[in-house]
Amino acid sequence: MFITFVTSAVLVTSVLLVLSNLGTVADDTSKALRGAMQRIRTQGCMASFVAFATLWVTIFGLGLL
């Protein structure tokens, strides 16, 4: 019971911290994605990126089922 309470408190605290800094999180995420897309375009490794993205979409999709 105590462990459930502690994990729930940690989860709620984490969600509140992310929500309080949502603008910063969105800004950092967009900068990271723009940088990644620029590196992909300049290095010409689009096929490996698409394969990697497909892998993670499959993993998360199966995890939700």
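Below, each value reflects all heavy atoms present in this structure, side chains not excepted, and no hydrogens, waters or symmetry copies. No experiment lies behind these values; they were computed from the predicted model shown.
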How long is the straight-line distance from [atom2] of [Y] back to [atom1] of [X], given to the nearest 0.5 Å?
X: Ile59; Y: Thr54; atom1: CD1; atom2: OG1; result: 11.0 Å
X: Leu22; Y: Thr29; atom1: CG; atom2: OG1; result: 9.0 Å
X: Arg41; Y: Phe49; atom1: CZ; atom2: CZ; result: 10.5 Å
X: Asn21; Y: Asp28; atom1: CG; atom2: CG; result: 9.5 Å
X: Gln38; Y: Gln43; atom1: CD; atom2: CD; result: 10.5 Å

Phe52 and Trp56 aromatic ring geometry - parallel, tilted or perpendicular at 30°/60° bounds: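 Ring orientation of Trp56 relative to Phe52: perpendicular.
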Hydrophobic cluster identity match, Leu55 and Phe60, side-chain contacts under 4.5 Å: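 Cluster IDs for Leu55 and Phe60 match.
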Side-chain heavy atoms of Ser14 within contact of Val18, under 4.5 Å: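 Counting from C-beta outward, Ser14 and Val18 never come under 4.5 Å.
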Where Asp27 and Ser30 come nearest, the two heavy atoms and their spacing: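 Nearest pair, atom of Asp27 first, then Ser30: O-OG, 2.9 Å.
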Heavy atoms of other groups near Leu16 CG, more than 12 under 6.0 Å: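 More than 12 heavy atoms, drawn from other residues, nucleotides or ligands, come within 6.0 Å of this atom.
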Residues Leu62, Thr58; criterion side-chain contact (heavy atoms from CB on, under 4.5 Å); working and verdict: CA-CA 6 Å; Leu62 291 174; Thr58 303; 4.0 Å; yes
